[in-house]
Amino acid sequence: MMTDYRQSFIKYINNYDQEINYCHEFVGGNYCFRTEKNDTQVVTDAAEKLRLAMISGEKSALESLIVPELTYGHSGGHIDDSKEFVEKLVSKKSDFLTIEISDQNIQIVGNTAIVRHHFYATTADLGKAPGDVTLDILLVWTKVKKDWKLLARQAVKVEKKK
């Protein structure tokens with residue numbers, strides 16, 4: 001009878017959006033519990049998904065990470081709305097071959113997350129010579145139900161040291 005009971009428990013760690021389910025076998029039986037990921041980790045994960053989606057240019061992945069009201073500011077001053085942001089990446093008009101993020105800092109304020117990081121990328125934008133981009137980025141994420149979505153982004157050129 002105990003064997004059937006133990007077989008009914010699945011030992012795994014399975015990540016479903018913001019929930020993690022744990023099952024662990026202890027002496028005398030199995031115990032399961034659920035915990036919420038903290039918001040900082042969820043935003044970190046969302047920022048990583050955004051980085052990967054910007055490299056792949058996969059439309060559904062990009063759209064799943066943003067709100068329709070997105071405002072996406074480039075270091076040169078141009079501002080994209082959500083449709084322009086997605087279209088540029090899907091069409092390869094803006095084509096990131098690599099994106100490296102460093103010095104990331106996340107601050108959660110209610111249902112808003114402020115993310116700052118250093119951004120280094122290699123590009124192959126349609127109709128342009130390959131290039132390198134080094135920027136400082138500000139991202140503003142908003143919590144929509146249980147998901148964090150990108151609301152705003154502003155890039156600035158990195159200040160050159162004297």
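Computation of the quantities below employed the complete heavy-atom set of this structure, encompassing side-chain atoms and omitting hydrogens, waters and symmetry-equivalent molecules. Given the structure is predicted, the values throughout are model-derived calculations rather than measurements.
Hydrophobic clustering, with ILVMFWY side chains joined whenever heavy atoms are under 4.5 angstrom apart, groups Ile55 together with Ile66. No path of Ile, Leu, Val, Met, Phe, Trp and Tyr side chains, each step under 4.5 Å between heavy atoms, connects Leu151 with Leu50, placing them in separate hydrophobic clusters. Hydrophobic clustering of Ile, Leu, Val, Met, Phe, Trp and Tyr side chains at less than 4.5 Å, counting indirect connections, unites Leu65 with Leu62.
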Chi angles and distances behind the side chain to side chain donor-acceptor pair (under 3.5 Å) call for Ser60, Glu58: CA-CA 6 Å; Ser60 62; Glu58 185 179 319; 3.3 Å; yes
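You'll find the side chain of Leu52 stays beyond 4.5 Å of the side chain of Lys49, heavy atoms only. Between Glu63 and Lys59 the shortest side-chain heavy-atom distance falls below 4.5 Å. Within the 4.5 Å cutoff, the side chain of Leu150 has heavy atoms near those of the Leu70 side chain. In this structure the side chain of Trp141 reaches within 4.5 angstrom of the side chain of Val115, judged on heavy atoms.
Atoms NZ and CG, on Lys88 and Leu126 in that order, are 12.5 Å from each other to the nearest 0.5 Å.
Checked by atom type and distance alone, the side chain of Arg116 never pairs as donor or acceptor with a backbone atom of Leu138 at under 3.5 Å. With Asp81 contributing its side chain and Glu84 its backbone, the two residues share a donor-acceptor pair below 3.5 Å.
Gln154 meets the side-chain hydrogen bond (donor to acceptor under 3.5 Å, both in side chains) test with no other residue; sequence neighbours excluded.
A salt bridge links Asp39 to Lys143: at least one charged side-chain nitrogen sits closer than 4.0 Å to a carboxylate oxygen.
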Kindly list each side-chain donor-acceptor pair under 3.5 angstrom involving residues 130-137, sequence neighbours excluded, with atom names and distances?
unit_1	atom_1	unit_2	atom_2	d
Asp132	OD1	Tyr120	OH	3.3
Asp136	OD1	His118	ND1	3.2

Show me the side-chain donor-acceptor pairs of residues 93-114 shorter than 3.5 Å, one per line, residues at least two apart or across chains.
unit_1	atom_1	unit_2	atom_2	d
Thr98	OG1	Thr122	N	3.3
Thr98	OG1	Thr122	OG1	2.6
Gln104	OE1	His117	ND1	3.0

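Heavy atoms only, all atoms of each residue included: Pro68 and Ser82 are closest at O-OG, 3.0 Å. Closest non-hydrogen pair, His74 versus Arg153, comes out as CA-NH1, 4.0 Å.
Within 6.0 Å of NZ on Lys92 lie more than 12 heavy atoms contributed by other residues, nucleotides or ligands.
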